[in-house]
Amino acid sequence: MSIPNDRKPLTKLAQAGRRPEWTGMPGQPGAIVSPPVWRASTILYDDVAHLRKAAGSSTHERLFYGRKGTPTAWSLADALTEMEPGAEGTMLYPSGVAAIACALMAVLKPGDRLLMVDSAYDPTRNFCEQMLRPQGIETIYYDPTDVVALDAHLASGPIRAIFLESPGSLTFEVQDIPAITRWAKANGIVTLLDNTWATPLYFPAMAHGVDISLLACTKYIVGHSDVMMGSATANAEWFGKLRQTAYLFGQMVSPDDAWLAARGLRTLGVRLKQHQDSAVAIAHWLKAQPDVARVLHPALPDCPGHALWQRDFSGSTGLFSFILKGGDEKARAALIDGLAHFGIGYSWGGFESLALPVDPARYRSATSWAAERPAVRLHIGLEDPADLIADLDAGLARFRAIRDAG
Ligand SMILES: Cc1ncc(COP(=O)(O)O)c(C=O)c1O
C-alpha cells in the first residue's frame with residue numbers, strides 16, 4: 001500500500017513512521033500497525049567481512065550497535081520528521097534539555113556568539129551560562145518582541161546562531177518567527193526554535209524558515225507524564241551535523257520509551273484540541289475575575305504577540321499563566337495549595353492539570369518583568385473544565401481572604 005505525500009497533519013499522525021521492518025514474515029503478506037519494541041545492545045554479524053562492511057558504511061537507521069538505535073526509535077524519529085514539511089531528519093535524546101544542549105553544541109564553536117531569547121526556559125539559559133560561556137561562546141539575550149532591535153547586535157561582531165522559544169513558557173510572548181528567520185538567513189545566522197508549546201501540529205517550524213526545531217517530547221508528544229524525551233528536527237543543511245554531534249555525545253533513547261512516545265504521538269491531535277478548548281475557556285473565565293490582573297495566553301488579545309499567534313499558529317495548547325491582583329507569596333500559596341484538581345509540580349503536557357508559582361523576573365536580563373505581582377502558571381489537562389473552574393474559583397477566594405487580611 002503506497003501512502004500519498006499530500007496528507008493532512010492529522011492523517012500523518014495516524015500513519016507516520018511506518019517502516020519496512022513492520023511487514024509480515026518473509027513470504028507472508030500483511031503488516032502490523034504498531035511496531036514491536038526492539039531492545040538491543042549487541043548486533044551480531046555473519047562474519048568479519050560483514051562486521052567491517054557495516055562499520056565502514058553509514059550507520060544511520062541501520063542495525064549496528066544498540067546506541068545507534070533500533071527500528072522502534074527510528075520509527076518515532078521518522079514520524080516526527082514527517083510532521084515537519086521541509087525537514088531532513090530527527091535525532092532523539094533522553095530529555096528536552098539534552099536535545100537543546102546537543103543542538104547548540106552542533107551549531108556553536110569557541111569564539112561564536114549566540115542570541116538567546118530573554119524569555120527562554122531557565123535551564124536553557126543555565127546551559128548558555130554554565131557550559132557555553134566557559135568555552136568562549138558568548139550568549140547575548142534579546143527581547144522576544146523586538147525584531148528591529150536585533151540588527152544592533154550585528155554591530156559588535158558576527159552572530160552564529162539565534163535561539164527562539166515561542167511562546168515563552170512562563171510569560172507567553174509570541175515571537176515574529178518568519179521575520180526573525182528572514183533576518184537570520186540574510187545575515188548567515190542559524191535559527192533554533194524550542195517548539196515544545198505548539199508542537200509541529202500547530203506550528204510547522206521548518207515551513208516558517210527555522211533550521212533546527214526542538215521539542216521536549218516529555219510534554220505533548222508523550223502526553224502521559226511517564227517518559228522523558230527530547231527531539232531535534234533539522235533541515236538538510238543541518239541534519240548531518242546534528243546527527244554527528246548526537247553520536248559523539250552518545251545520545252540515544254530506550255526502545256521502550258520510544259515506543260511509548262510513538263503511542264502518544266498517535267493521539268496528539270485529539271489531545272491538543274481538548275487541551276486547547278479547555279484552556280481557552282478557563283483563560284477567558286480567569287480574565288473576567290476581579291482578582292486577576294492579567295491572563296498571559298496567546299489566544300487572548302492582550303497577550304504580547306497575539307496577532308502573530310493568529311497569523312502563524314493553527315492552534316493553542318494547554319499551558320498559560322495569569323497574574324494576580326496584589327497579594328504576596330503567602331496568598332498565592334493559599335490559592336495553589338488548596339487546589340483539588342491541579343497537581344503542584346514541574347513539567348506539563350500530560351493529561352493532568354498542574355499549577356505552579358512562577359517568578360519570571362528571576363530569569364530576565366535583557367527585558368524587565370513586573371516582579372512585584374505574583375504569577376501562577378497552569379497546565380490545563382483533560383479533566384472537565386467545569387471542575388477546574390470551580391477549583392480555581394475556590395482558590396481565588398482563599399487568595400482574596402489572605403490578601404485582604406494582610
Ligand atoms: C519550554 C521547555 N523546553 C524544554 C524543556 C525541557 O524538557 P525536559 O524536561 O524533557 O528536559 C521544558 C521542560 O519543562 C520546557 O518547558
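In this chain, residues are counted from 1 in sequence order. Fair warning: this is a prediction, and the values are worked out from it, not measured in the lab. Whatever order the structure lists them in is the order used to number ligands and atoms, beginning at 1.
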Check this for me, if you would: do Arg125 and Asp118 make a salt bridge, where the nitrogen-to-carboxylate-oxygen distance has to be below 4.0 angstrom?
yes
Here the pair of heavy atoms bringing Ala246 nearest to Met91 is CB-CE, 3.9 Å
If the condition is salt bridge (charged side-chain N to carboxylate O under 4.0 Å, His left out), which residues does Lys241 pass it with, not counting sequence neighbours?
none
By salt bridge (charged side-chain N to carboxylate O under 4.0 Å, His left out), Arg377 pairs with (sequence neighbours left out) none
Pairs of nitrogen or oxygen atoms, one from ligand 1 and one from the protein, closer than 3.5 Å: please tabulate them with distances.
| residue | atom | partner | partner atom | Å |
| --- | --- | --- | --- | --- |
| ligand 1 | 3 (N) | Asp194 | OD2 | 2.6 |
| ligand 1 | 10 (O) | Gly96 | N | 2.8 |
| ligand 1 | 10 (O) | Thr218 | OG1 | 2.6 |
| ligand 1 | 11 (O) | Gly96 | N | 3.1 |
| ligand 1 | 11 (O) | Val97 | N | 2.9 |
| ligand 1 | 14 (O) | Tyr121 | OH | 3.3 |
| ligand 1 | 14 (O) | Lys219 | NZ | 2.7 |
| ligand 1 | 16 (O) | Trp348 | NE1 | 2.9 |

Arg332 bridged to Asp359 by N-O distance under 4.0 Å:
yes
Which donor-acceptor pairs under 3.5 Å do the side chains of residues 198-205 make with protein atoms, sequence neighbours left out?
| residue | atom | partner | partner atom | Å |
| --- | --- | --- | --- | --- |
| Thr199 | OG1 | Leu201 | N | 3.1 |

